[in-house]
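Read through the structure below, which is laid out as structure tokens, and then see the notes.
Here, residue 1 is the first one in the sequence, and each next residue gets the next number.
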Amino acid sequence: MTSDLQSSGKNRKTRASLRGTACLQLPACLQLPAHLPLAALVVTVFATVTLVILTACGNLPGSGTDLVDGTYEVDVSLSGGSGRATVASPATLEVKGDSMEVTITWSSSHYDRMVVDGKDYQPVNSQGNSQFKIPVKALDEDLAVQAETTAMSKPHLIDYTLRFSNPRAPGAGSGSDEVDAGASADAAGGQSGSQAGTQLTADFHNPDLGNDMAPTSSMKLDYATCFSVDYYEGGYKLLCLADGGRYLLIPQGAPEPQGLAADIVCIQQPVCDVYLAASDAMCLIDALGQTDAITVSGIRKEDWSVDAASQAMQSGAMVYGGKYNAPDYDLLLSKHVSLAIESTMINHTPDVREKLIELGIPVLTELSSYESDPLGRTEWIKLYGAVFDREDQAREIFDGQLARAQSAKGQPTGQTVAFFYINSNGSAVVRKPGDYVTKMIEDAGGSYVFGDLGDDSARSTVTLEMEQFYVQAKDADVIVYNASIDGGVDSLDELLAKNPLLADFKAVREGKVWCTSQDMYQQMINTGDIIADFHTVLSDPAVEHDGLSYLRKLS
């Protein structure tokens, strides 16, 4: 297996040196890869002959003759920026009539716009690394584009040059791997603790209201590091967030204090008629029994994994009010929205934040995803406990999850774990070491196989070509497939269909392959339960283990 992988580069060079030396030599787009299994070779030969007949061995786009309608793979080269971003190669090219479209996959989830020939294009996906479908006029020619990254304090539009070449039947082999280039502060994928797009400060706690009011006590936090809560006489509470935001909760019937510092945002209690565009927060708010306070959702009904949110939208108690970057302002006003709880994606569209504030709607940015410890994310329930006057309930819920996590902590299992999913280009996307998911695995007694993966970017995920992934993960004791991005797999056969190389993996051979539930990322309220599930599986990964909530075995 390894020798085949190592020889692939030599084979490509050999085939390249032979092109054009024979009268009946196939076009570059139809070159056959070496080492194909017999069945795959038959299929590829048939597809190749068909394409030759249809195209009459004509030239490629850019040199006179278009490809016939269909789907192809093309190699992608990228230049520009400062060299830190990547695009996946090969990419998918769709040809229909006189038009060609290519799907670009960036190494970051923080690209929210591309500009081609003066026209804006939006991402075609809502999770994972940013993907765009853009038009291509010709192959083997430079295409000047711009891509906007929101990984810095303000959105930046960066100039790049793309070039597409070597079109071929899907799966017929590639001439290149992922190509480096990119944004100076590229950050990243997934739904995680990357600090891109928001400037966090270590000394954000500032209880000085600007007048003579002084705190009488402060909330005790065990793991969370991105917020604080201070209490003042008269029932006033100050929330300080690590992005510099300060919010004073005004008790029902109480006046706003005089002489407040200019940066303090006042929020009247009881808090109700909330526009929620931060999906992570819903499970915490629901656990406090405050779902009815959310009347407008920035997430569509079919995208919720929290049952209470789906049911509220089904009944009409909660309505869809547009995504974070395109809210329905008229609807928000008609619903008398008093607070917008946004994810950090709002930092990509500062004009939206400003418009909400202009309309008199305070904006609170949810930063739980920036907590490095998984229990720190869960402890954000205490912030919402303060918002909704449910502190005792919030503390009780958190203590229960802490106890569940501690029951699994400190008990090493000796099992190495590969946690990943396979993207549309056949590459493996793994969590970066130190990410909260890898910490849950370690807390559960596992050892993450990518613990020494070098990556200096702010991304929380890393995309690995299959050769590198194979070398690092083939001997892992346990495989956990991440279902939250692509919906997951229901069987080993479905997993192997994503990449047959996985059949060589030790965990596959020994039947130690598991898949997460799709809603795991919207369930930080149950972090202790997730850690306990991981620990149960890692203690004896060959057993079925009925009754788990967030992991299921593949067979």
- Would you check, one step at a time, whether the test salt bridge (Lys or Arg N to Asp or Glu O under 4.0 Å) holds for Arg404 with Asp529? CA-CA 6 Å; Arg404 286 282 285 156; Asp529 295 326; 2.8 Å; yes
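Cation-pi check for Arg377 over Tyr436 is met; the charged atom lies under 6.0 angstrom from the ring centroid and within 45 degrees of its normal.
A distance-only check finds no donor-acceptor pair linking the side chain of Asp120 to the backbone of Arg113 [under 3.5 Å]. Side-chain N or O atoms of Asn347 include one that pairs as donor or acceptor with a backbone N or O of Thr344 at under 3.5 Å. Proximity of a side-chain donor or acceptor of Asp230 to a complementary backbone N or O of Pro207 within less than 3.5 Å is not detected. At distances below 3.5 Å, not a single donor-acceptor pair connects side-chain atoms of Glu391 with backbone N or O atoms of Lys382. For Gln268 (side chain) and Ile250 (main-chain N/O), a donor-acceptor pair under 3.5 Å exists by modelled atom type. Formation of a donor-acceptor pair under 3.5 Å by the Arg246 side chain with backbone atoms of Asp208 is found in this model. Side-chain N or O atoms of Ser130 include none that pairs as donor or acceptor with a backbone N or O of Asp112 at under 3.5 Å. Glu233 contributes no side-chain N or O that, together with a main-chain N or O of Thr216, makes up a donor-acceptor pair within less than 3.5 Å. Within the 3.5 Å criterion, the main-chain N or O of Gln131 finds a donor-acceptor partner in the side chain of Asn125. At least one donor-acceptor pair closer than 3.5 Å links the side chain of Asn211 to the backbone N or O of Gln258.
Looking only at side-chain heavy atoms (C-beta outward), Phe227 and Met219 come within less than 4.5 Å of each other. Inter-residue side-chain proximity for Lys237 and Gln269 is flagged as met; some heavy-atom pair is nearer than 4.5 Å. For the pair Tyr329/Glu358, no side-chain contact is recorded, criterion being any heavy-atom separation below 4.5 Å from C-beta on. Residues Val352 and Tyr324 fail the side-chain proximity criterion, which asks for heavy atoms closer than 4.5 Å. Using a 4.5 Å heavy-atom threshold, the side chains of Leu78 and Thr161 count as separate.
Partner of Val430 under the side-chain contact (heavy atoms from CB on, under 4.5 Å) criterion, out of Asn482, Thr461, Leu464, Thr463: Leu464 alone. Applying the side chain to side chain donor-acceptor pair (under 3.5 Å) test between Ser297 and each of Trp304, Tyr320, Tyr275 identifies Trp304 as the sole match. Checking each of Arg390, Gln290, Glu366 against Tyr384 for a side chain to side chain donor-acceptor pair (under 3.5 Å) leaves exactly one that passes, namely Glu366.
Between Ala293 and Phe388, the shortest heavy-atom contact is CB-CE2, 3.7 Å. Tyr160 approaches Tyr111 most closely through the heavy-atom pair OH-OH, 2.8 Å.
The aromatic rings of His110 and His348 sit perpendicular to each other, their planes meeting at more than 60°, with 30° as the lower class boundary.
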